[in-house]
Amino acid sequence: MEEAVKVLIIGSGPAGYTAAIYTSRANLAPVLYEGIEPGGQLTTTTDVENFPGYPDGVTGPDLMDRMRRQAERFGADIRTGTITRVDLASRPFHVVVDGTREIKAETLIIATGASAKYLGLPSETKFRGQGVSACATCDGFFYRKKDVAVVGGGDTACEEASYLASLCRKVYMIVRKPHLRASKAMQQRVFDTPNIEVLFEHNTAEVLGDESGVTGALLRRNDGTERKIDISGFFLAIGHHPNTELFSEQLALDAEGYVKVEPGTSKASVEGVFAAGDVRDPHYRQAITAAASGCIAALDCERFLLK
Ligand code: NDP
């Protein structure tokens, strides 16, 4: 086993990379494990137009690549691998990578982000990757000139529906309430797009398909009546859950599973553990807020190590 590292960062989105930039510039020689989705959720988006400093916008993968290179420039040790177990009972913490390699860490910055939620229908699981997707910007291209559906009524659903509408023939939005939850501007964009049809008060009873993949969906209205739509793609946009399974028995989490931190700080319930980004933030979930909380975690971590 190698010497205990001073700072181990888990996760490679804006929070993780920003923490790596700050801790490497503070000479703390951070080690960052990228996890199963290097670059995090932003690598699945196209244009990012609201990250300050990019007046003409930047693509999600490009932004993540720049953050990664910035961290590497100051000596951050960025490694491929997924943390499969952590033991936070005593410091240095024991961490297992890919089920085999062990590493010790004096402090831990958790920046594992959040993952898309699914409805939980067996038919949805069956056709995952064969028409069922939780990322329109990743997979929308495969459904050019076809009919698709997006489930959800939040900003993500509206954004994904708008994106798909630019590629597909028709986009149904399946919304369980009689109204959308998204911001007024996003709602207007949806209502102004002629090839988006919003189906209010509809739930998905079943995703339909055959050996070729998804062919339709059986919808149930809130009044109990049913309706079938013919679609080739079924996109989920119903929110995310935090990636905290690794820590569930060891750290205080809120009812939704997000890491609880001391208010105004990034400090988790175990000394020496800090949380940054979407894994601790169910509200804002922006690249810029994740980056800011990565900075806060790095500064908290640095102060902790100086003590
Ligand atoms: P939200 O939690 O805001 O919305 C989730 C949507 O999915 C809601 O309409 C919800 O319905 C619906 N939903 C949840 N579970 C189910 C289910 N089992 N069956 C059917 N529908 C379901 O998540 P988002 O991912 O849209 O947004 C998360 C945060 O990120 C928000 O704060 C949002 O504003 C922000 N965001 C901002 C963007 C921007 O500014 N450009 C872009 C994307 C996200 P119900 O309303 O009935 O609960």
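Being a predicted model, the structure only gives us computed values, none of them experimental. Counting starts at 1 for both ligands and their atoms, following the listed order. Every heavy atom of this structure was used, including side-chain atoms; hydrogens, water molecules and symmetry mates were not.
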State the atoms of ligand 1, each with its element, that fall below the 4.0 Å cut-off from a heavy-atom position in [X].
X: A237; result: 7 (O)
X: H283; result: 32 (O)
X: K177; result: 45 (P), 46 (O), 47 (O), 48 (O)
X: L119; result: 17 (C), 18 (N), 19 (N)

TODO: Test V31 against every option in V7, I10, I9, L8 by the side chain to side chain contact (heavy atoms under 4.5 Å, CB included) rule and name the one that passes.
DONE: L8
Open item on the list: Could you work out, with salt bridge (charged side-chain N to carboxylate O under 4.0 Å, His left out) as the rule, every residue matching R68, not counting sequence neighbours?
Closed with: E34, E72
- [ ] Would you mind finding which of N50, I174, T156, N203 brings a heavy atom closest to atom 27 (O) of ligand 1?
- [x] T156
Task: Selected option - heavy-atom contact closest to atom 47 (O) of ligand 1, from M173, R176, H179, E159 - done: R176
What protein heavy atom is closest to [atom], reported as residue, atom name and distance in Å?
atom: atom 23 (O) of ligand 1; value: G239 CA, 3.9 Å
atom: atom 30 (O) of ligand 1; value: R285 NE, 4.1 Å
atom: atom 34 (O) of ligand 1; value: D155 OD2, 2.5 Å
atom: atom 48 (O) of ligand 1; value: R181 NH2, 2.5 Å
atom: atom 7 (O) of ligand 1; value: I238 CA, 3.2 Å
atom: atom 4 (O) of ligand 1; value: G154 CA, 3.7 Å

Task: CA sep, side-chain torsions, deciding dist, call: V132, Y118, side-chain contact (heavy atoms from CB on, under 4.5 Å) - done: CA-CA 10 Å; V132 172; Y118 287 81; 4.3 Å; yes
Task: Short N or O distance, G153 and ligand 1, threshold 3.5 Å exclusive - done: yes
Open item on the list: Side chain or backbone, does Y284 bring an N or O within less than 3.5 Å of an N or O on ligand 1?
Closed with: no
Task: Q250 side chain vs V86 backbone, donor-acceptor pair below 3.5 Å - done: yes
Open item on the list: Using a 3.5 Å distance criterion without hydrogens, assess whether the side chain of T244 forms a donor-acceptor pair with backbone atoms of G257.
Closed with: yes
Task: For S133, all residues meeting side chain to side chain contact (heavy atoms under 4.5 Å, CB included), sequence neighbours excluded - done: C135, D139, F235
Task: Electrostatic pair K228-D230, nearest N-O below 4.0 angstrom - done: yes
- [ ] Could you tell me whether K260 and D254 have a side-chain N and a carboxylate O separated by less than 4.0 Å?
- [x] no
Open item on the list: Taking a cutoff of less than 4.0 Å between a non-hydrogen atom of the residue and any ligand atom, is Q286 in contact with ligand 1?
Closed with: yes
Open item on the list: If you count heavy atoms of other groups shown closer than 6.0 angstrom to OH of Y284, is the number above 12?
Closed with: no
Open item on the list: side-chain contact (heavy atoms from CB on, under 4.5 Å), that's the test. Do T112 and I83 meet it? Break it down for me.
Closed with: CA-CA 10 Å; T112 46; I83 306 299; over 6 Å; no
